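Everything on this sheet refers to the single structure shown next.
These numbers come from the heavy atoms of this one structure, side chains and all, not from hydrogens, waters or symmetry mates. Because the structure is a prediction, the values reported are computed rather than measured. Here is the naming used below: chain letters follow the sequence lines, and residue numbers restart at 1 for every chain.
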Amino acid sequence: MNYLEGLNQPQQDAVKHSNGPLMIIAGAGSGKTRVLTYRTAHLIEKGVDPFQILLLTFTNKAAGEMRQRVEKVIGNDAKNLWMGTFHSVFAKILRFDGKHLGYTSDFSIYDTDDSKSLIRSIVKERGLDDKIYKPNVVYNRISGAKNRLIGPDEYVTNPIIAADDVAAKLPEMGKIYKIYALRCFQANAMDFDDLLYNTNILFRDHPAVLDKYQRKFKYVMVDEFQDTNVSQYLIVKKLSDISQNLCVVGDDAQSIYAFRGASIDNILNLEKDYPNMTTIKLEQNYRSTQNIVEAANSIIAKNKNQLKKTVFTENEEGSLIELVKASSDNEEGRLISTHIFESKMNLGLRNTDFAILYRTNAQSRTFEESLRKLNIKYRIIGGLSFYQRREIKDLLAYFRYTINQNDEEAFKRIINLPKRGIGDTTIAKLTITAAEQQIPIWEVIANIKQYQTGRLSDTIEGFADLIKSFKIMVDSKKKDAYEVASHIAKSSGLLKELHEDKTVEGLSRYENVQELLNSIKQFVDDPDTGVEEKNLNTFLQTVSLMTTADQDDPDGDNDRVTMMTIHGAKGLEFNHVYVVGMEEDLFPSQMMLQSRQDLEEERRLFYVAITRAEKKLVMSYAETRYQWGRLKPCEPSRFLDEIDPKYLQFAKNIRKAVEDTQRLPQGFVKMSNREQKMPDFGTSNNPTPTNILIQRPNVARPQVVGNTYKPSSDFAPSDTKNLAEGDRVEHLKFGFGKVKKIDTNGTDRKATIQFEGSIGEKTLLLSFAKLRIL
DNA sequence: TGTGAGGCCGTGGGT
DNA sequence: CGGCCTCACA
């Protein structure tokens with residue numbers, strides 16, 4: 001039990017507690033993952049069979065990290081733990097027992113895009129206006145209902161919901177929900193919410209099944225419990241009903257996902273459901289300086305809806321929180337980038353020590369530009385994940401359709417891809433025939449000659465034969481997942497089509513598909529994924545629930561400043577943290593306040609942002625900001641007033657001083673105007689940096705070539721007339737380079753550019769290239 | 001079938 | 001403004 005050493009008393013209590021309900025309230029930076037890991041190890045050491053322990057997380061990443069850490073402590077036994085995300089664990093259970101609800105074990109999983117696409121079809125088919133019945137809105141309402149365990153039948157009969165829908169001017173919602181649920185069922189598909197909803201239904205209607213799992217899982221643990229929704233909570237509650245060995249870990253102060261259905265009441269009211277519950281509070285913060293911890297406390301203290309706790313630290317006092325005022329969003333970018341540059345110089349830090357956190361993704365642009373100008377490498381977390389990319393979804397749709405021909409969304413994606421001349425009209429005809437004959441569309445396609453003759457029937461037969469041949473390949477089990485997948489990628493024509501596309505986008509699409517195939521190879525070769533049979537079906541099952549990109553940078557250079565939304569930063573920590581855009585209506589977000597009237601969740605979000613910082617916290621705001629083309633005046637965020645001013649100071653280390661004191665929030669001091677001296681470079685302590693400021697000539701606004709890519713203020717299709725061999729250029733993604741060769745080929749004009757660094761040579765079609773001539 | 005002009009919309013995000 | 005989508009037109 002040597003791992004108990006180095007744990008503080010509450011941490012030890014939590015690790016040693018093994019029977020009965022337990023709630024661990026873990027403040028930011030209090031070592032909650034450690035406690036969870038050791039508690040698991042402790043249970044196993046006391047003789048609990050790893051097969052009887054269920055450990056639930058929210059993200060694949062968290063699950064992966066947890067598994068690694070548990071493995072380190074207890075070794076091979078960790079493989080036998082049931083550990084994973086809510087969705088993956090219950091998808092597994094539904095593959096075993098979904099037959100009780102009418103699903104086969106190879107049901108498809110619809111991701112958000114599939115769901116919205118299905119909703120769009122339904123709205124159109126019913127002749128409704130998709131400007132009113134926006135797929136996004138409809139999806140969120142259906143999702144909200146499922147998360148509260150309201151099925152379609154209850155939804156249509158509940159007068160309160162009906163009234164609410166009428167008030168929202170969406171009277172047809174109930175009908176859409178009903179059809180949506182039916183279509184998913186007919187497609188043998190579940191959306192993300194169904195994985196939880198159906199598990200609840202399964203446990204409710206089939207007591208024998210519930211009993212089986214209640215006996216199996218003697219110990220249930222939930223990480224990030226503050227983010228569970230009602231549906232998830234009811235599952236864990238049912239599972240631990242007999243054993244009562246439910247252990248949840250969370251921090252109500254970091255509950256920031258109410259907008260997508262998480263219920264903070266789950267953690268606030270847990271004691272009502274479990275009167276015998278032990279509550280342990282982890283209040284010592286090991287991450288941040290005193291100033292940061294106390295400033296964070298002073299913010300969260302304003303919230304009424306919370307559990308009482310006092311987070312403290314024994315770390316050094318640290319420096320004050322710096323406040324940067326900028327005159328515009330562009331200047332904010334420059335000031336922050338300069339601050340990073342100078343901190344790097346003065347403190348000898350690496351790029352990875354810094355993070356810029358913002359409220360909305362749209363704010364990243366000015367920081368990108370200013371960091372690039374200082375030659376500081378950055379990476380942006382967020383945006384489209386790997387598995388959401390078109391080309392990846394296309395290939396996965398082929399896999400899905402090969403395995404499940406009822407998968408309507410997969411069918412829609414691939415029927416005319418690559419182009420076969422099967423358009424909307426043909427699909428409509430097929431659908432009508434299928435409805436008339438009361439058979440699935442696949443039956444019509446597979447036997448098309450019985451129903452239809454003519455030119456198109458040959459094409460359709462060709463498609464059907466293609467799928468049939470894939471199916472035979474999968475069913476024969478002679479080839480592994482990688483061989484089948486490469487075969488499908490090739491014979492479907494997808495790979496060929498991408499290979500012929502020589503634009504930058506085309507190249508990267510081709511590379512992405514190759515990367516997907518590589519990951520399938522890895523899946524096949526990896527001996528310990530815990531998957532028994534490595535076929536296409538099992539790969540698809542794992543991959544359907546993998547949605548985050550988490551890929552390292554392709555060029556292997558991982559020393560980068562991290563930029564992301566505050567939501568994305570939960571669970572991470574950085575030496576220096578910049579919380580930018582501290583303006584009223586932006587943070588706290590105006591929409592959040594209008595639609596949810598929930599200032600407290602915004603405040604918790606601010607708490608999360610502050611507590612990411614280990615040593616230094618800098619906040620900035622701009623007095624004006626470009627928004628949708630207009631320059632908008634901004635007020636400093638009310639959150640700045642809420643921090644005790646004794647923790648704040650104006651930034652000293654930035655070269656451009658702030659002058660105006662007029663609109664300073666109360667209690668702020670005016671900062672001095674002194675110019676920061678640049679360090680003396682070239683001494684032994686301070687070697688000349690290679691990446692010092694780049695002087696850039698003024699460039700005339702580039703000519704617009706077509707509107708495929710509209711020009712932004714700085715990057716645009718280059719002036720194809722003026723670009724010449726030998727020119728120095730800057731590319732939005734690849735950075736700086738030199739034009740080696742220019743080819744004109746019909747209307748296409750291509751430039752081969754040698755880029756600096758490890759990027760190498762790229763040939764770009766100039767009408768798509770995001771280039772600037774230097 | 002592909003292109004380009006014009007319209008619309010704009011929060012947060014894992015599964 | 002910028003990204004995405006649609007629709008008209010070649």
Whole-Å distance, A:Asn136 CG to B:dG10 C1', equals 12 Å

Under the criteria of a ring-centre distance below 5.5 Å and an interplanar angle below 30°, is A:Phe259 stacked with the base of B:dG12?
yes

Between B:dT15, B:dG12, B:dG13, which nucleotide has the shortest distance from any of its atoms to the side chain of A:Thr360?
B:dG12

A:Asn361 CG to C:dG3 P: how many Å, rounded?
13 Å

Whole-Å distance, A:Glu368 CD to C:dG2 C1', equals 13 Å

Whole-Å distance separating the CG atom of A:Asn229 from the P atom of B:dG13
18 Å

Which one, B:dT15, B:dG14, B:dG12, comes nearest to the side chain of A:Arg359?
B:dG12

Most 5' of A:Ala362 and A:Thr112 on DNA chain B, judged by nearest nucleotide
A:Ala362

Report the nucleotide, chosen from B:dT15, B:dG14, B:dG12, that has the shortest atom-to-atom distance to any side-chain atom of A:Thr85.
B:dT15

A:Leu605 CG to B:dG12 C1', straight-line distance once rounded to whole Å:
8 Å

Salt bridge (charged side-chain N to carboxylate O under 4.0 Å, His left out) partners of A:Asp585, counting only residues at least two apart
none

What I want to find out is whether A:Arg604 reaches A:Asp252 closely enough, with some N-O distance under 4.0 Å, to be called a salt bridge.
no

Can you tell me how far P of B:dG13 sits from CZ of A:Phe86, to the nearest Å?
21 Å

Just jot down the ring pair (Phe, Tyr, Trp, His ring centres under 6.0 Å) partners of A:Phe107, sequence neighbours excluded, or say none.
none

What is the nucleic acid contact for A:Ser544, judged by heavy atoms within less than 4.0 Å: base, sugar-phosphate only, or nothing?
nothing

For A:Ser88 and B:dT15, is the shortest distance between a side-chain N/O and OP1 or OP2 below 4.0 Å?
no

In whole Å, what is the span from the CD atom of A:Gln363 to the C1' atom of C:dC1?
16 Å

Sugar-phosphate, base or nothing in reach of A:Ser589, heavy atoms under 4.0 Å:
base

Any side-chain heavy atom of A:Leu586 within less than 4.5 Å of one from A:Arg625?
yes

Classify the nucleic acid contact of A:Tyr257 as base, sugar-phosphate or nothing, counting any heavy atom under 4.0 Å across all strands shown.
sugar-phosphate

Taking the cut-offs as 6.0 angstrom to the six-membered ring centre and 45 degrees off its axis, would you call A:Arg260 and A:Tyr257 a cation-pi pair?
yes

Starting at atom OH of A:Tyr607, determine the distance to atom C1' of B:dG12, rounded to an integer number of angstrom.
20 Å

